[in-house]
Amino acid sequence: MTESGKITLTADDGSEEVFFVLEKAEIAGNSYLLVTDSGEDEAQALILRQMEAGDTAAYEPVEDEKELKILSGYFEELLDNDVEIRLE
């Protein structure tokens, strides 16, 4: 993660994508990031789980609907309900 609140993720194919980090949380021994694809109000959000990857941090999107619902509520509370996370 950078000082500016952005993170660059590299996919398996070598492509890179920049995300804006809204919040980080440690829950039940796991690290999660709430990120968006832009700094705009109506941005697409992802919740990423940090995976064990040696010296480099690796993240994967959380896809389980039950886990997403729980994490979404947690992140909304952390951000004082300033954001609404809609599951699609």
Side-chain angles (χ1 to χ4, degrees):
M1 196 166 5
T2 66
E3 294 290 321
S4 65
K6 294 180 185 178
I7 187 170
T8 302
L9 300 179
T10 305
D12 291 336
D13 66 2
S15 63
E16 292 185 341
E17 191 165 352
V18 175
F19 291 95
F20 295 83
V21 179
L22 296 180
E23 190 64 67
K24 182 177 182 178
E26 298 283 331
I27 303 168
N30 293 309
S31 296
Y32 296 94
L33 294 178
L34 174 62
V35 300
T36 61
D37 61 353
S38 78
E40 302 297 318
D41 286 342
E42 294 292 322
Q44 296 292 317
L46 287 172
I47 297 176
L48 305 173
R49 179 187 309 108
Q50 185 174 349
M51 308 304 293
E52 296 298 324
D55 295 341
T56 307
Y59 294 90
E60 70 176 17
V62 174
E63 296 177 350
D64 179 73
E65 286 186 39
K66 183 177 178 182
E67 186 177 12
L68 273 174
K69 187 173 183 174
I70 292 167
L71 292 169
S72 296
Y74 183 80
F75 277 118
E76 285 179 353
E77 283 187 30
L78 276 179
L79 295 168
D80 293 327
N81 294 316
D82 288 340
V83 298
E84 177 185 354
I85 301 172
R86 288 180 277 165
L87 304 177
E88 297 178 1

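The structure displayed is predicted, hence computed values, not measured ones.
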Does the pair Leu9 and Val35 meet the rule for a side chain to side chain contact (heavy atoms under 4.5 Å, CB included), with working shown?
CA-CA 11 Å; Leu9 300 179; Val35 300; 5.9 Å; no

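Under the 4.5 Å side-chain heavy-atom criterion for ILVMFWY residues, a single connected hydrophobic cluster contains both Leu68 and Ile27. Hydrophobic clustering of Ile, Leu, Val, Met, Phe, Trp and Tyr side chains at less than 4.5 Å, counting indirect connections, keeps Val18 apart from Leu34.
Atom CG of Leu78 is separated from atom CD of Glu23 by 5.0 Å, given to the nearest 0.5 angstrom. The structure places CG of Leu33 at 7.5 Å from CD of Gln50, a figure rounded to the nearest 0.5 Å. Summarising the geometry, atom CD1 belonging to Ile70 is positioned 12.0 Å from atom CD belonging to Glu65; distances are rounded to the nearest 0.5 Å.
For Glu67, the side chain to side chain contact (heavy atoms under 4.5 Å, CB included) criterion is met by Tyr32, Arg49, Val62, Asp64, Leu71, not counting sequence neighbours. Take Glu26 and apply the side chain to side chain donor-acceptor pair (under 3.5 Å) test, not counting sequence neighbours, and it matches Ser31. Under the side chain to side chain contact (heavy atoms under 4.5 Å, CB included) criterion, Asp13 pairs with Ala11, Ser15, not counting sequence neighbours.
Using a 4.5 Å heavy-atom threshold, the side chains of Ile7 and Phe20 count as separate.
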